[in-house]
Amino acid sequence: QVQLVESGGGLVQAGGSLRLSCAASGIIFSSSIMGWYRQAPGKQRELVATITSGSTTNYADSVKGRFTISRDNAKNTVYLPMSSLKPDDAAVYSCRRWTPAYWGQGTQVTVSS
């Protein structure tokens with residue numbers, strides 16, 4: 001059974017930091033492309049960042065320089081440290097694995113101004 005379990009969300013003031021984690025099981029994690037999406041109420045889901053099996057990363061322009069995706073294959077976990085958070089970053093953040101696609105349940109990030 002495949003499971004992606006996110007953690008690390010919460011309430012933070014603008015300018016603050018959070019680190020999201022996504023622990024995977026039931027997949028060959030080390031060879032999987034992993035990524036983070038986010039969706040705010042009334043907005044389309046947005047791809048935030050991806051990381052390949054070789055640790056090549058890509059980011060949405062809106063988070064470049066503030067978010068850093070990384071992975072620990074020994075722990076089957078992908079991370080998303082987020083800094084300089086803005087109210088516009090508030091959303092449910094979900095972890096995704098390619099391919100086939102598997103999703104986590106999401107973790108809420110709230111940024112107060």
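All values derive from a computational prediction rather than experimental measurement.
- Considering all non-hydrogen atoms of both residues, S113 and P87 come closest at CB-CG, 3.9 Å.
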Test side chain to side chain contact (heavy atoms under 4.5 Å, CB included) applied to T110 and V12, step by step
CA-CA 6 Å; T110 303; V12 64; over 6 Å; no
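- Other residues, nucleotides and ligands contribute at most 12 non-hydrogen atoms within 6.0 Å of the CD1 atom of I28.
- Side-chain contact between I33 and T99: absent, with no pair of heavy atoms (C-beta onward) separated by less than 4.5 Å.
- Interatomic distance, CG of N76 versus SG of C22, reported as 10.0 Å (0.5 Å rounding).
- The cluster map of Ile, Leu, Val, Met, Phe, Trp and Tyr, joined by side-chain heavy atoms under 4.5 Å apart, puts I51 and Y79 in different clusters.
- Neither Y37 nor V48 shares a network with the other; the hydrophobic side chains, linked directly or stepwise wherever heavy atoms of I, L, V, M, F, W or Y lie under 4.5 Å apart, form separate groups for each.
- The shortest side-chain heavy-atom distance between S55 and R71 falls under the 4.5 Å cut-off.
- Defined by atom type and a distance below 3.5 Å, a donor-acceptor pair is present between the side-chain atoms of R38 and Y93.
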List the steps and the verdict of side chain to side chain contact (heavy atoms under 4.5 Å, CB included) for L20 and T107.
CA-CA 8 Å; L20 305 184; T107 186; 3.9 Å; yes
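- Taking the salt bridge (Lys or Arg N to Asp or Glu O under 4.0 Å) definition, one finds that R66 meets it with D89, sequence neighbours left out.
- Side-chain contact between V109 and M82 is present, with heavy atoms from C-beta onward closer than 4.5 Å.
- Taking all atoms of both residues into account, the shortest heavy-atom contact from K64 to Y59 is CE-O, 3.4 Å.
- Nearest heavy-atom pair across E46 and S62 is OE2-OG, 3.0 Å.
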CA sep, side-chain torsions, deciding dist, call: S94, V92, side chain to side chain contact (heavy atoms under 4.5 Å, CB included)
CA-CA 6 Å; S94 299; V92 174; 4.2 Å; yes
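- Within the 3.5 Å criterion, the main-chain N or O of Q105 finds a donor-acceptor partner in the side chain of E6.
- For A101, the side-chain contact (heavy atoms from CB on, under 4.5 Å) partners are R96, W103, not counting sequence neighbours.
- Residues A24 and F29 approach most closely at CB-CD1, 3.7 Å, considering heavy atoms.
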Assess whether side chain to side chain contact (heavy atoms under 4.5 Å, CB included) is satisfied between V78 and I69, documenting all intermediate values.
CA-CA 7 Å; V78 60; I69 191 170; 3.8 Å; yes
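- Nearest heavy atoms, M34 versus C95: CE-SG, 3.7 Å.
- Contact annotation: the side chain of W98 approaches that of T50 to within less than 4.5 Å [non-hydrogen atoms, C-beta and beyond].
- Between A91 and A40, the shortest heavy-atom contact is CB-N, 3.8 Å.
- Residues R97 and I27 have side chains in contact (heavy-atom distance under 4.5 Å, counting atoms from C-beta outward).
- At least one donor-acceptor pair closer than 3.5 Å links the side chain of T77 to the backbone N or O of K75.
- S25 is not listed as a side-chain neighbour of V2, based on a closest heavy-atom distance of 4.5 Å or more.
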